[in-house]
There are 2 protein chains.
Amino acid sequence: MRLSTKARYGVRAMVRLALSQKDGPVQLSLIAEKEGVSEKYLEHLFRHLKANGLVLSQRGARGGYVLARPAEKITLYEIVKALEGSLAPVDCLKQADLCERSLFCATREIWKGLKKKIESYLKSKTLSELAQEQEEKINAPIYHI
Amino acid sequence: MRLSTKARYGVRAMVRLALSQKDGPVQLSLIAEKEGVSEKYLEHLFRHLKANGLVLSQRGARGGYVLARPAEKITLYEIVKALEGSLAPVDCLKQADLCERSLFCATREIWKGLKKKIESYLKSKTLSELAQEQEEKINAPIYHI
DNA sequence: TAGTTTTCCTCTAGATTTAGTAGGAATTAA
DNA sequence: TTAATTCCTACTAAATCTAGAGGAAAACTA
Ligand code: FES
Ligand code: FES
């Protein structure tokens, strides 16, 4: 039940992008430095993000990435799905023939319900909410001594 | 975000056990045959199930497994957790130092919320509910021609 | 007691997925 | 033209998953 680091880093990168894009396109090198991830790895993530219509890119000098939509219109669900592929706990949800006797399998209904819960939670969270919370954390951190 | 086959088969095996244990301990060979899983693989699963106090075992001839508690008192959460280890979407929930700057990471709160959603859903489903639904599926199947 | 059944334990191994890295081509701004 | 930056393809090392082999230990049966 674990998310890949793609999703983990990808969401963080999107938050960073939301916070940084006021002055035009953001370079991966900047995000890489701020998040402590290699630029090469970010390239992979942003390929998926772009392919799923979440970011726009500008090549060449002074290029970079910007959000394809306002952050309020981007949900966590879209980001995670773009990076993770699918949120189904079991493959037989999409492809029923992966389990023989799937028509008579009661557990399949459970996994279907679980998938719905996960999706509805992630759909309820927008990137702008997350970006705002992140900003508050930076400005008013709680120090644990 | 996928469950391992351990969890998938394990839950099915527990349902089968709940349905079959009226006449005493159930042998793995029976479950293996009914569920189309190798007996050797089931041994692994039941080791975890037993270690987590979900089943009791009886060795030797006419031995087998029974539920450690009535099926109404066993939740899906317990079964999945026994087999999967943890339901946390990211490791830094348990071990904060896996991510540097985790104190200032807004996404961590999101994953914490997601974990809660997953757990509360699985806690709301008992093995007896599932076993009953499975029985109904067998008795009144819908045939897709 | 001897024989059979069944769980229990350790070890091994192939397959798959994950998490990156390398190297360079294409594009754009200055 | 030069420098910056995304884009593309391929590759690889490591981790994890999914088992399977072989036999020890326990308990029932006769
Ligand atoms: S149909 Fe896939 S687990 Fe039952
Ligand atoms: S603290 Fe682990 S993802 Fe942010």
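A note on names: the letters A, B, ... follow the listed sequences, proteins ahead of strands, and every chain is numbered from 1.
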Nearest-0.5 Å distance, CG of residue A/L28 to NZ of residue A/K40: 10.5 Å
Does C/dC8 have its OP1 or OP2 closer than 4.0 Å to a side-chain nitrogen or oxygen of B/K50? yes
Give each protein N/O atom lying under 3.5 Å from an N/O atom of nucleotides 28-30 of chain D, with the pair distance.
{"residue": "D/dC28", "atom": "OP1", "partner": "B/Q58", "partner atom": "NE2", "Å": "2.9"}

Atom CZ of B/F46 to atom P of C/dT6: distance rounded to whole Å? 15 Å
Which distance, rounded to the nearest 0.5 Å, do you find between the CD of A/E129 and the OG of A/S124? 7.0 Å
Determine yes or no for a side-chain-to-main-chain donor-acceptor pair under 3.5 angstrom, with B/E136 supplying the side chain and B/E133 the backbone. no
With B/Y41 via ring pair (Phe, Tyr, Trp, His ring centres under 6.0 Å) - residues at least two apart: none
Sorted by number, the residues of residues 17-31 of chain A with heavy-atom contact under 4.0 Å to DNA chain C: none
Heavy atoms only: give me the nearest A/L3-A/E84 pair and the separation to one decimal. CA-OE2, 3.5 Å
Report yes or no: do A/T75 and A/K123 form a side-chain donor-acceptor pair below 3.5 Å? no
Quickly work out the B/H48 NE2 to D/dC17 C1' distance and round it to whole Å. 12 Å
Starting at CE of A/M1 and ending at C1' of D/dC17, how long is that distance when rounded to a whole Å? 16 Å
I need the NZ-P distance between B/K40 and C/dC8, as an integer number of Å. 12 Å
Measure CG/B/L56 against C1'/C/dC8 and give the value in whole Å, please. 15 Å
So B/M1 and A/P89, do their side chains get closer than 4.5 Å, heavy atoms only? no
Applied to residues 14-33 of chain B, the salt bridge (charged side-chain N to carboxylate O under 4.0 Å, His left out) test, sequence neighbours excluded, yields B/R16-B/E35
Could you tell me whether the side chain of B/K117 reaches within less than 4.5 Å of the side chain of A/I118, counting heavy atoms only? no
Ignoring backbone atoms, test whether A/S38 places a side-chain nitrogen or oxygen under 4.0 Å from the OP1 or OP2 oxygen of C/dT21. yes
Are there over 12 heavy-atom neighbours, none belonging to B/R62, within less than 6.0 Å of that residue's CZ? no
Considering every strand and a 4.0 Å limit on heavy-atom distances, what is the contact class for B/Y65: base, sugar-phosphate, or nothing? sugar-phosphate
To the nearest Å, give me how far apart CG (A/L45) and C1' (C/dG20) are. 11 Å
Polar pairs (N or O, both sides) under 3.5 Å between protein and nucleotides 10-19 of chain C?
{"residue": "C/dA19", "atom": "OP2", "partner": "A/T5", "partner atom": "N", "Å": "3.2"}
{"residue": "C/dA19", "atom": "OP2", "partner": "A/T5", "partner atom": "OG1", "Å": "3.4"}

Between A/L42 (CG) and D/dT5 (P), how many Å, whole number? 14 Å
Once salt bridge (Lys or Arg N to Asp or Glu O under 4.0 Å) is applied, do any residues pair with A/E100, and if so which ones, sequence neighbours excluded? B/R12
